[in-house]
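Heavy atoms only: backbone and side chains are in, while hydrogens, waters and symmetry mates are out. Computed from a prediction, not measured in an experiment: that's the story for all the values here.
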Amino acid sequence: MRVDPDQPLPPGSNGHAGIVFLVRSDGRVLLQQRDDIQPPEGYGRWAFPGGGWENGETPRQCALREMREETALDLKEARYFRSFELGMGTHGYPVTWHIFFSFESVEESRIEVNEGLAFTFWSPAEAADLRMNPRDRRVLDAFLASHQYRGGLRLDPPHATALVIELDRWGRVLLQLRDRDLPAHLHPGAWTLPGGRIESGESPDSAALRDFEDKTGVLLEKVSLYRTFNR
C-alpha cells in the first residue's frame, strides 16, 4: 500500500502511525525496546521508534515528530518506504503504519530514551533473534529485504530492469511520476516508464507483467519486446 506521504490524513484517521527506520552506514537499524505489555511478546519486546497520528498531520510529519519526541533526534531527512495495513488494533481501530527510513548520520550519544526501555542499533542477523511481535517482524523483514535498504548501503549488484511502454488508442504513452523524496541520483519528481528490476530466475516478460500489475493494478495479457538497452 502506498499513500502520499506529504498529504494530511483525513480527520478521524485513528489507528494510523508514523515510523522511521534509522540506518547506520554499517546497515544496523535503530530499534526500541518497549515497556508496555502488548501481546504476544509483551514487556521488553523490540519494536520501532514511532507512534500515533495527530489531527492535521501528514504521515511524514507524524513519523518525524514521534522520532523527535522519543529519541530527541531531529532528523533532516526521511524517505517514504511503504504503508502497511495490519488489521484491527486493541484500541478498536484498523491499524495502518506509514514507514519511513533515513541514512542520516547521527551521534549515538545524542539519542535519549524518552519512551520505552532502550534504543539500540541492531544488525539484520542480530534482529532476527530478538523478541518481536509478528506484525513488527513482518514490517522489519520487508524493509531489510527491500532495494531501498540494500541500495542505500550499496549492497545490490548490477541488475536488469524491465520497462513497459503502454499506449492507448490515441498513441499516448502511460508514464509514472517518481517519488519526490528519492535521492538526487534517482531523479525524484521525474516522469518515467513503469517497470522494475528483473528478479533472479525471472524472465524479462514475466518481470514486466508482474511489476506493471504491482504499480498499476492492471494485469496485461501480453507484452512484446521492443528493444534492449545496455548501460
Side-chain angles (χ1 to χ4, degrees), residues 2-7 16-35 44-54 57-84 97-132 136-159 178-190 196-197:
R2 297 189 65 82
V3 302
D4 185 339
D6 298 305
Q7 179 67 34
H16 287 245
I19 291 166
V20 179
F21 287 128
L22 180 60
V23 185
R24 283 194 340 193
S25 59
D26 60 1
R28 290 176 174 265
V29 180
L30 184 68
L31 299 180
Q32 177 191 46
Q33 190 172 33
R34 301 287 298 183
D35 60 357
R45 73 190 185 283
W46 289 89
F48 326 117
W53 164 85
E54 294 184 357
E57 286 184 320
T58 68
R60 192 190 308 276
Q61 289 170 339
C62 174
L64 291 174
R65 173 185 54 77
E66 286 288 336
M67 175 65 98
R68 183 170 57 252
E69 291 177 354
E70 295 182 4
T71 68
L73 295 177
D74 190 11
L75 297 180
K76 299 299 185 291
E77 63 176 42
R79 290 175 53 198
Y80 177 63
F81 172 54
R82 195 185 305 170
S83 296
F84 291 79
W97 288 354
H98 304 286
I99 310 299
F100 295 79
F101 64 99
S102 176
F103 288 91
E104 187 172 330
S105 178
V106 302
E107 297 179 11
E108 293 188 41
S109 60
R110 290 172 47 202
I111 299 175
E112 299 179 7
V113 183
N114 296 330
E115 186 174 311
L117 300 173
F119 288 99
T120 304
F121 284 96
W122 297 97
S123 71
E126 292 167 339
D129 294 326
L130 297 176
R131 288 175 45 227
M132 300 182 73
D136 299 80
R137 177 70 64 191
R138 170 190 164 191
V139 171
L140 178 61
D141 286 349
F143 175 66
L144 294 176
S146 71
H147 68 85
Q148 289 94 331
Y149 171 77
R150 297 182 57 82
L153 298 172
R154 303 186 183 278
L155 298 177
D156 281 339
H159 61 273
R178 295 178 68 80
D179 291 342
R180 292 188 298 271
D181 60 352
L182 291 172
H185 70 281
L186 294 179
H187 312 295
R197 118 183 5 240

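When Phe143, Phe101, Trp97, Tyr149 are each tested for a ring pair (Phe, Tyr, Trp, His ring centres under 6.0 Å) with Phe21, only one passes: Phe143.
A donor-acceptor pair under 3.5 Å links the side-chain atoms of Asn114 to the main chain of Glu69, judged by distance alone. Side-chain atoms of Glu66 do not come within 3.5 Å of backbone N or O of Pro49 as any donor-acceptor pair. Formation of a donor-acceptor pair under 3.5 Å by the Arg137 side chain with backbone atoms of Leu130 is found in this model. Between the side chain of Gln32 and the backbone N or O of Glu115, at least one donor-acceptor pair lies under 3.5 Å. Panel note: side chain Arg60, backbone Ala78; a donor-acceptor pair is recorded below 3.5 Å.
With sequence neighbours excluded, the residues that form a salt bridge (charged side-chain N to carboxylate O under 4.0 Å, His left out) with Glu108 are Arg24. Every residue two or more places apart in sequence or in another chain was checked for a salt bridge (charged side-chain N to carboxylate O under 4.0 Å, His left out) with Arg82, and none qualifies. For Asp4, the salt bridge (charged side-chain N to carboxylate O under 4.0 Å, His left out) test picks out Arg180, with sequence neighbours left out. Applying the side chain to side chain contact (heavy atoms under 4.5 Å, CB included) criterion to Glu57, with sequence neighbours excluded, gives Trp53, Glu54, Gln61, Cys62, Arg65. Residues meeting the salt bridge (charged side-chain N to carboxylate O under 4.0 Å, His left out) test with Glu77, sequence neighbours left out: none.
With contacts defined as side-chain heavy-atom distances shorter than 4.5 Å, the pair Tyr80/Asp6 does not qualify. A 4.5 Å side-chain heavy-atom check between Pro5 and Thr58 finds every atom pair outside the cut-off. Side chains of Met132 and Leu140 form a contact here, defined as non-hydrogen atoms less than 4.5 Å apart. Phe84 is listed as a side-chain neighbour of Arg138, based on a closest heavy-atom distance under 4.5 Å. At least one side-chain heavy atom of Phe81 sits less than 4.5 Å from a side-chain heavy atom of Ser146. Proximity of Val106 to Leu75: side-chain heavy atoms (C-beta onward) are separated by under 4.5 Å at one or more points. Side-chain contact check for Val29 versus Leu144: some heavy-atom pair is nearer than 4.5 Å.
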All N/O donor-acceptor pairs, side-chain side in residues 116-124, below 3.5 Å, sequence neighbours left out:
from, atom 1, to, atom 2, distance (Å)
Ser123, OG, Glu126, N, 3.1
Ser123, OG, Glu126, OE1, 3.3

Exercise. Check step by step if side-chain contact (heavy atoms from CB on, under 4.5 Å) holds for Arg197 and His147.
Key: CA-CA 10 Å; Arg197 118 183 5 240; His147 68 85; 3.9 Å; yes
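If you take OG1 on Thr71 and CD on Glu112, they are separated by 8.0 Å, rounding to the nearest 0.5 Å. Separation of atoms OG (Ser102) and CE (Met67) is listed at 7.5 Å; rounding is to 0.5 Å.
Looking at every heavy atom in both residues, Ser83 comes nearest to His98 through OG-ND1, 2.6 Å. The two atoms that bring Leu22 and Glu104 nearest to each other are CD1-O, 3.6 Å, heavy atoms only.
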